[in-house]
Amino acid sequence: MPVCGYVFDGGVLTPEQQARIRLDPSEHTEWRFETAHDWRRLMQPARYQRLRQVLRAHRSGIPLYLERPAAAADDPVA
């Protein structure tokens, strides 16, 4: 099944903004802020590779079109 995903930078949230976060319980059970290294232990390897590519695009300021995860050696957060 084709899937299309988008990632948006929401900036830095104040504690007050974080306290106002509300989730639809039919879609999500929790939210959290983690470092890229923390996500590495929490995600499947292929999904973590995709996150690394998102971080690279964010740092470069250039949109990135992705069809598949990058090679493991291409790790901007290692």
Side-chain angles (χ1 to χ4, degrees):
M1 169 173 29
V3 174
C4 184
Y6 299 93
V7 176
F8 298 93
D9 180 354
V12 177
L13 300 179
T14 66
E16 295 79 19
Q17 290 170 316
Q18 293 175 33
R20 292 194 312 260
I21 294 174
R22 299 292 178 262
L23 302 178
D24 179 340
S26 68
E27 295 181 6
H28 305 284
T29 57
E30 66 179 294
W31 65 270
R32 64 175 125 183
F33 297 103
E34 301 284 356
T35 67
H37 290 290
D38 290 336
W39 283 115
R40 181 178 216 153
R41 67 179 169 76
L42 298 169
M43 299 175 78
Q44 297 172 354
R47 291 184 185 262
Y48 180 70
Q49 286 181 0
R50 178 63 54 112
L51 173 62
R52 289 181 7 221
Q53 290 177 312
V54 167
L55 292 171
R56 181 177 24 151
H58 180 268
R59 289 180 180 144
S60 72
I62 300 170
L64 184 63
Y65 174 79
L66 303 173
E67 291 188 34
R68 61 182 58 94
D74 187 18
D75 189 349
V77 294

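Side-chain contact between Arg52 and Trp39 is absent, with no heavy atoms from C-beta onward closer than 4.5 Å. In this structure, Arg59 and Arg56 have side chains that are not in contact, with every pair of non-hydrogen atoms separated by 4.5 Å or more.
Of all non-hydrogen atoms in Leu42 and Arg32, the two that sit nearest each other are CD1-NH1, 3.8 Å. Leu23 and Thr29 make their closest contact through CD1-C, 4.2 Å (heavy atoms, listed as atom of the first residue, atom of the second, distance).
Atoms CD and CZ, on Gln53 and Arg50 in that order, are 6.0 Å from each other to the nearest 0.5 Å. Distance CZ/Phe33 to CG/Asp38: 13.5 Å, rounded to 0.5 Å. With rounding to the nearest 0.5 Å, the separation of CZ in Arg40 from CD in Glu34 is 15.0 Å. Atom CZ of Arg20 and atom OG1 of Thr14 lie 6.5 Å apart (nearest 0.5 Å). Going from atom CH2 of Trp31 over to atom CZ of Arg22 covers 10.0 Å, rounded to the nearest 0.5 Å.
Residues passing the side-chain contact (heavy atoms from CB on, under 4.5 Å) test with Ser60 are Ile62, sequence neighbours excluded.
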